[in-house]
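Below is one structure, written out as structure tokens, with a few remarks after it.
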2 protein chains.
Amino acid sequence: MARLFHVSLSPFCRKVRLSLAEKKIEVELVEERYWERDPDFLRRNPAGKVPVLRLDGHTMSESTAICEYIEETRPEPALMPAKPEARLEVRRLVGWFDDKFHKEVTSKLLYERVNKKMTGQGYPDSKNVKEGARAIKYHLDYMAWLLDHRRWLAGDQMTLADFAAAAHLSALDYISDVDWNRSQVVKDWYAKIKSRPAFRSILADQVPGFRPPPHYADLDF
Amino acid sequence: MARLFHVSLSPFCRKVRLSLAEKKIEVELVEERYWERDPDFLRRNPAGKVPVLRLDGHTMSESTAICEYIEETRPEPALMPAKPEARLEVRRLVGWFDDKFHKEVTSKLLYERVNKKMTGQGYPDSKNVKEGARAIKYHLDYMAWLLDHRRWLAGDQMTLADFAAAAHLSALDYISDVDWNRSQVVKDWYAKIKSRPAFRSILADQVPGFRPPPHYADLDF
């Protein structure tokens with residue numbers, strides 16, 4: 001069976017979990033305290049980061065590389081469109097969320113509130129938290145603008161771009177940092193993706209010391 | 001003709017320039033002062049970052065998405081291997097350089113020494129510069145370890161992984177931040193890639209206020 005070394009609230013791990021689940025690849029989840037830099041773990045990934053996936057006899061790291069590999073080896077159901085310009089748009093948005101959204105929002109809210117505590121680095125920096133809370137509004141508005149024109153973020157089909165976005169937003173939703181009342185189209189999009197069977201394992205996550213709000217796992221939030 | 005909005009020393013722009021040049025796609029380079037957030041530029045890329053490429057009637061952003069698009073639409077000469085596990089390794093290393101190396105090295109040396117001055121953000125933070133100077137040694141050693149086993153970084157063929165690495169290292173070399181004496185295999189690898197015709201435009205770059213060391217454009221460095 002595939003084995004994923006992960007951290008529950010990591011958006012990069014969640015993106016991979018969603019891809020695996022959508023493709024119906026069973027996986028054993030192993031919580032990895034990557035910040036303790038265990039030598040066995042560093043042998044698996046010298047970058048010292050999660051996710052790390054054991055699949056097909058290979059040890060894989062870098063979430064985007066992993067998702068592309070899964071897509072190439074298990075093309076059904078497709079999480080990438082066929083046309084190059086549509087694939088470009090999917091990858092642009094994966095980059096948007098994993099780079100820009102991560103830097104401006106996830107690292108300022110989730111990392112301040114959760115990762116710092118988990119890794120013993122102290123208290124949240126309120127300046128960062130404020131900046132993250134301001135930036136997420138702009139990102140939700142950008143998503144709303146996209147979803148005004150499209151059924152899914154990158155076009156008319158659900159893709160890795162939706163999983164990348166949902167991975168970040170679901171982790172932030174766990175700590176009540178998403179204002180779902182800001183945009184009805186974004187809320188509708190999240191309701192659609194949240195109700196997929198692939199999302200179940202993510203909604204069942206429990207992080208010791210952090211209790212999710214009641215709406216977190218509620219499909220009628 | 002294709003048009004690339006770029007900044008000379010940006011490793012992300014350089015990676016795209018190398019891909020375009022290797023595929024013999026002629027491109028007009030337009031210096032973009034992205035930090036001034038010109039509305040025309042933000043319309044092209046709401047992320048407000050370079051590179052932005054006009055090609056095939058599309059406006060493209062996110063360097064990794066762009067390079068994958070170029071590879072899919074102009075497969076020759078190939079910058080990606082055919083097998084999924086070999087492609088995984090290429091993408092893992094592109095991620096390594098564009099994420100980890102960028103965070104630990106490029107942002108601490110190039111951004112402190114050049115971008116801050118260029119964008120009027122003041123003087124380099126010496127703590128960052130010291131950290132970057134320490135981290136690059138570890139990365140050069142990792143590259144040496146890879147190149148002890150392989151002709152190119154991701155295997156026996158030159159790929160996007162080599163271009164990602166060379167894009168970062170060439171920008172750092174412009175400000176004399178690479179110790180080429182640390183590893184002979186890394187120096188040999190860089191000499192090989194530097195002597196490719198695709199590298200010429202990068203070696204001809206001149207950034208006002210920053211003069212490259214004499215060895216920068218020298219193929220026998």
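Throughout, a chain's letter reflects where its sequence line sits, starting with A, and its residues are numbered from 1. Keep in mind that what you see is a predicted model, and the values were worked out from it rather than measured.
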Contact check, side chains of B:W96 and A:S61, non-hydrogen atoms, under 4.5 Å: no
Neighbour count >12 (heavy atoms, 6.0 Å) for atom CD, B:E26: no
Straight-line distance of A:D99 CG to B:D99 CG, nearest 0.5 Å: 8.0 Å
Flag if over 12 foreign heavy atoms under 6.0 Å of CD, B:E36: yes
Segment of A:D56 engaging chain B (4.5 angstrom heavy-atom cut-off): neither
Any residue of residues 5-23 of chain B which, by heavy atoms, sits under 4.5 Å from chain A: none
Chain B contact residues among residues 153-165 of chain A, heavy-atom distance under 4.5 Å: none
Residue-level interface, residues 106-142 of chain A with chain B, non-hydrogen cut-off under 4.5 Å: A:Y138, A:Y142
Enclosure of B:K192 NZ (heavy-atom neighbours >12, cutoff 6.0 Å): yes
Members of residues 76-93 of chain B whose heavy atoms come closer than 4.5 Å to chain A: B:P84, B:E85, B:R87, B:L88, B:R91, B:R92
Among the listed options B:E104, B:M60, B:E68, B:K100, the residue most often paired with chain A at heavy-atom distances under 4.5 Å: B:E68
